[in-house]
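Remember, it's 1-based here, ligands and their atoms both numbered in the order they're listed. FYI, side chains are in, hydrogens and waters are out, and symmetry mates aren't considered; it's all heavy atoms of this structure. Treat the numbers as computed from the prediction; the structure is a model and nothing was measured.
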Amino acid sequence: MNISLLVTRATQNLIDHVEELTTLDQAIGDGDHGLNMRRGSKAIQEKLPHWSELSTQATLTAMGKTCISTIGGASGPVFGTLLLTLGKELPDQPDHHDLARALKLAIEAVTRLGKAELGQKTLLDVLDPLQKCLDAGGDSLVARVKQCALDSCEATAHIEATRGRASFLGQRALGHVDPGSRSVALIVSAVCDAL
Ligand code: ADP
Ligand code: MG
């Protein structure tokens, strides 16, 4: 697995969808999510050549630190914490059980940080089904992980928001996909396509 290629594809997919992410956050937030994710993605892409000697785990840790120092908003610490935990918990050559275990710990760390729960229209509503899909394993896992990310992202449109900025809208957030969930889906689908 070439981590540098996966990082390049995932960050580029976020950059290529900056307008869509902006529109989603304009509908139920403050409109900055696209620019936040593009800023973090560009910072990671600029630093990536300097990380070529790093292990996969150290690269994830460096990405997490970059997210925290460049993205801002709620999503900087959230994506930063996810990446820092994955960097700490993933073994060399992880299988799907290792990925599921590390993602579970990453979700717990984000939950401690942001105090959001499942069903509150945040990216946790994509990460949790993804974790379960990885844990279950089975045939065509890469294709199913991608589909799980896309489907659970779409499903956030049917959730009322009770956490984060969108919570100020309550029921008016219904019908709109959660922007952070869309970012997770963009990252996961780019990684799955590159595998
Ligand atoms: P901000 O909300 O500060 O403007 P962004 O617009 O960049 O930050 O990110 C918004 C996204 O962050 C939301 O769509 C949601 O998925 C995620 N988010 C917000 N608050 C939380 C939280 N407490 N826990 C987990 N994710 C959250
Ligand atoms: Mg925002």
Do Thr61 and Leu83 touch side chain to side chain, with heavy atoms closer than 4.5 Å?
no

Shortest non-hydrogen contact from Leu113 toward Pro77
CD2-O, 3.7 Å

Can you confirm whether the side chains of His33 and Thr22 place a donor and an acceptor under 3.5 Å from each other?
no

Taking only non-hydrogen atoms of Asn36 and a 4.0 Å limit, the atoms of ligand 1 in range are 5 (P), 7 (O)

Do you know which N/O/S atom name in Asp25 is closest to the Mg ion (ligand 2)?
OD2

Proximal ligand 1 atoms for Asp178, defined as those under 4.0 Å from one of its heavy atoms:
13 (C), 14 (O), 15 (C), 16 (O)

Please tell me whether Asp135 and Gln131 have a donor and an acceptor in their side chains that are separated by less than 3.5 angstrom.
no

Without hydrogens or angle criteria, can the side chains of Gln57 and Asp92 be said to hold a donor-acceptor pair below 3.5 Å?
yes

Test side chain to side chain contact (heavy atoms under 4.5 Å, CB included) applied to Asp178 and Ile159, step by step
CA-CA 9 Å; Asp178 171 58; Ile159 306 177; over 6 Å; no

Quick check: of its N, O or S atoms, which one does Asp30 have closest to the Mg ion (ligand 2)?
OD1

On a heavy-atom basis, which atom in Leu48 and which in Ser4 lie closest, and how many Å separate them?
CD2-O, 3.6 Å

Given side chain to side chain contact (heavy atoms under 4.5 Å, CB included), test Leu14 with Ser183 step by step and report yes or no.
CA-CA 7 Å; Leu14 289 168; Ser183 283; 3.8 Å; yes

Using a 4.0 Å cutoff against the non-hydrogen atoms of Asp30, which atoms of ligand 1 qualify?
4 (O)

Test of proximity, Gly73 against ligand 1: N or O pairs below 3.5 Å:
no

Would you check whether Gly180 has a nitrogen or oxygen atom less than 3.5 angstrom from a nitrogen or oxygen atom of ligand 1?
yes

Show which atoms of ligand 1 fall inside a sub-4.0 Å distance from at least one heavy-atom site of Gly114.
23 (N)

Among the N/O/S atoms of Asp32, select the one at the shortest distance from the Mg ion (ligand 2) and name it.
OD1

Going by the order shown, which atoms of ligand 1 are within less than 4.0 Å of some heavy atom of Asp25?
6 (O)

On a heavy-atom basis, I'd like to know which of Ser75, Gly29, Ala74, Pro179 is closest to atom 7 (O) of ligand 1.
Ser75

Any idea which protein heavy atom is nearest atom 2 (O) of ligand 1, and the distance to it?
Arg165 NE, 3.5 Å

At what distance is the nearest protein heavy atom to atom 9 (O) of ligand 1, and which residue and atom is it?
His33 ND1, 3.2 Å

After noting the C-alpha distance and the side-chain angles of Leu84 and Ile68, does the key distance pass the side chain to side chain contact (heavy atoms under 4.5 Å, CB included) rule?
CA-CA 10 Å; Leu84 289 179; Ile68 290 169; 3.8 Å; yes

Atoms of ligand 1, numbered as shown, that sit under 4.0 Å from any heavy atom of Ala116:
22 (C), 23 (N), 24 (N)

Begin from the C-alpha positions of Cys67 and Ile44 and carry the test side chain to side chain contact (heavy atoms under 4.5 Å, CB included) through to its verdict.
CA-CA 8 Å; Cys67 286; Ile44 287 172; 4.1 Å; yes

Side chain, backbone, both or neither: which part of Thr122 comes within less than 4.0 Å of ligand 1 when only heavy atoms are counted?
both

